[in-house]
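The structure appears right after this line, and notes come after that.
Numbers here simply count residues along the sequence, with the first being 1. Only heavy atoms go into these numbers, but all of them, side chains included; no hydrogens, no water, no symmetry mates.
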Amino acid sequence: IFASRFPTHLDFDARLPEGKGGGFEVAAELLHGGVIGAGPAAKLSAMRMRGATVDRNIGSYVEVEIQDAAGAAVTVPANAPRSVTATLVSGPGPLKGTTTVQVSNASKAQFTDLRVEKPGSYQIRFTSTGLTQADATIEVRPGQATTMRILTQPVGGGAGLELATQPQFELLDQYGNRATHDMRQVSAAIASGNGTLTRGMSGLHEEMSQDGLVTFDNLRIDRAGAF
């Protein structure tokens with residue numbers, strides 16, 4: 001398909017053999033080609049990006065495009081929409097959300113609520129009738145911490161002495177996964193009981209999480225009792 005047309009005039013002299021006339025000029029108009037459009041849809045292409053987490057839509061990390069055999073994007077006409085389906089090939093958890101979307105007047109499939117709820121490595125396959133399928137491998141991390149769970153209950157010692165067993169907590173995302181990439185400060189305080197909580201010489205009751213774990217040390221209570 002030639003999308004542009006413009007004339008070029010070419011002047012030249014032509015000499016005929018002796019006895020058959022003299023020189024003359026000819027003006028010729030040439031047609032020059034422009035942009036060539038994409039061919040028919042032949043395959044799907046899936047390009048992944050880094051940074052996926054369980055609390056965000058996977059569709060924002062994987063770009064699925066309909067292409068011709070040469071890899072050029074093909075716009076699907078509005079009067080003939082095409083379905084694209086995502087299926088889980090491998091991974092630690094099921095694929096949730098809308099797994100089949102319609103592509104119309106566009107070249108890319110928009111998955112708006114596709115998600116998994118467990119971190120790990122996933123292979124997702126995208127298919128559409130009559131087109132070559134495309135696979136995408138994506139690493140999904142835990143989400144941000146939304147709650148804590150105690151792993152080790154503190155066990156008391158003597159009044160004014162360090163607790164015999166120091167408490168340890170786990171940060172969890174909304175799906176109960178350990179939030180290994182969420183760095184935050186956690187504070188300790190006495191919820192009930194008549195006493196003062198201290199921590200070593202510093203008196204600070206805060207600890208920074210590491211890999212989703214919060215481990216206190218040197219906590220002590222200045223008097224005996226139930227807390």
Side-chain angles (χ1 to χ4, degrees), residues 41-69 71-76 78 80-153 167-187 207-215:
K43 63 181 180 179
L44 294 175
S45 172
M47 182 171 60
R48 65 179 178 85
M49 292 169 278
R50 296 179 180 178
T53 58
V54 297
D55 51 2
R56 297 191 63 184
N57 166 37
I58 286 183
S60 61
Y61 298 103
V62 181
E63 185 176 271
V64 182
E65 186 175 65
I66 298 172
Q67 298 180 347
D68 66 10
V74 176
T75 298
V76 178
R82 177 180 285 276
S83 297
V84 177
T85 299
T87 56
L88 183 64
V89 177
S90 63
L95 196 59
K96 296 188 175 184
T98 304
T99 56
T100 298
V101 298
Q102 296 292 315
V103 182
S104 176
N105 199 29
S107 62
K108 295 177 182 177
Q110 301 293 331
F111 291 89
T112 58
D113 65 348
L114 197 62
R115 71 184 192 280
V116 293
E117 296 179 356
K118 294 184 178 295
S121 179
Y122 289 83
Q123 183 180 356
I124 302 174
R125 178 163 295 160
F126 299 93
T127 57
S128 183
T129 302
L131 303 184
T132 302
Q133 67 189 27
D135 287 1
T137 300
I138 186 169
E139 296 293 330
V140 180
R141 302 186 309 180
Q144 291 187 332
T146 58
T147 187
M148 287 195 305
R149 176 171 62 195
I150 189 165
L151 296 178
T152 305
Q153 289 279 358
Q168 185 181 51
F169 301 87
E170 182 181 30
L171 301 181
L172 303 176
D173 67 18
Q174 62 180 320
Y175 299 117
N177 306 301
R178 181 178 293 178
T180 54
H181 292 79
D182 193 329
M183 298 287 291
R184 66 178 62 214
Q185 207 167 46
V186 177
S187 299
E207 184 64 49
M208 185 67 70
S209 65
Q210 294 184 352
D211 295 325
L213 292 176
V214 182
T215 303

- prompt: By side chain to side chain donor-acceptor pair (under 3.5 Å), which residues pair with Lys96, not counting sequence neighbours?
  reply: Glu117
- request: Give the intermediate values and the outcome of side-chain contact (heavy atoms from CB on, under 4.5 Å) for residues Thr146 and Asp55.
  value: CA-CA 11 Å; Thr146 58; Asp55 51 2; over 6 Å; no
- prompt: Where do Pro94 and Val116 come nearest, in terms of heavy atoms and distance?
  reply: O-CG1, 3.6 Å
field: Distance in Å, Leu88 CG paired with Gln123 CD, rounded so as to fall on 0.5 Å steps
entry: 8.5 Å
task: Apply side chain to side chain donor-acceptor pair (under 3.5 Å) to Gln144 and list each qualifying residue two or more places apart in sequence or on a separate chain.
output: none
field: Under 3.5 Å donor-acceptor, Ser128 side chain and Ser83 backbone
entry: yes
query: Quick one: CD on Glu65 to OG on Ser107, what's the gap to the nearest 0.5 Å?
result: 4.5 Å
- request: Find the distance between OG1 (Thr53) and CZ (Arg115) and round it off to the nearest 0.5 Å.
  value: 12.5 Å
query: Are more than 12 heavy atoms from other residues, nucleotides or ligands located less than 6.0 Å from atom CZ of Arg178?
result: yes
All N/O donor-acceptor pairs, side-chain side in residues 41-48, below 3.5 Å, sequence neighbours left out:
| residue | atom | partner | partner atom | Å |
| --- | --- | --- | --- | --- |
| Arg48 | NE | Thr137 | O | 2.8 |

- prompt: CD of Glu170 to OG1 of Thr152: how many Å apart, nearest 0.5 Å?
  reply: 10.5 Å
field: Heavy atoms from other residues, nucleotides or ligands near CD of Gln185 exceed 12 (cutoff 6.0 Å)
entry: yes
query: Ignoring hydrogens and geometry, is there a side-chain-to-backbone donor-acceptor pair from Asp173 to Ala145 under 3.5 Å?
result: no
task: Check Pro81 against Ala78 and note the closest heavy-atom contact, atom names and distance.
output: CD-O, 3.6 Å
- prompt: Where do Phe111 and Thr100 come nearest, in terms of heavy atoms and distance?
  reply: CE2-N, 4.4 Å
statement: Hits for side chain to side chain donor-acceptor pair (under 3.5 Å) against Thr99, two or more places apart or cross-chain, chain-then-number order -> none
query: Please, which pairs that meet salt bridge (charged side-chain N to carboxylate O under 4.0 Å, His left out) have at least one residue in residues 132-142, sequence neighbours excluded?
result: Arg125-Asp135
- request: For Arg82 and Ile66, work out which heavy atoms get closest and say how close.
  value: CD-CD1, 3.8 Å
message: For Gly59, is there any backbone N or O sitting under 3.5 Å from a side-chain donor or acceptor partner on Asn57?
response: yes
- request: Can you sort out the partners of Gln110 under side chain to side chain donor-acceptor pair (under 3.5 Å), two or more places apart, ordered by chain and number?
  value: none
task: Drop me the distance from Gln67's CD to Lys108's NZ, to the nearest 0.5 angstrom.
output: 10.0 Å
task: Please confirm whether the backbone N or O of Gly97 pairs with a side-chain atom of Asp113, one donor and one acceptor, at under 3.5 Å?
output: no
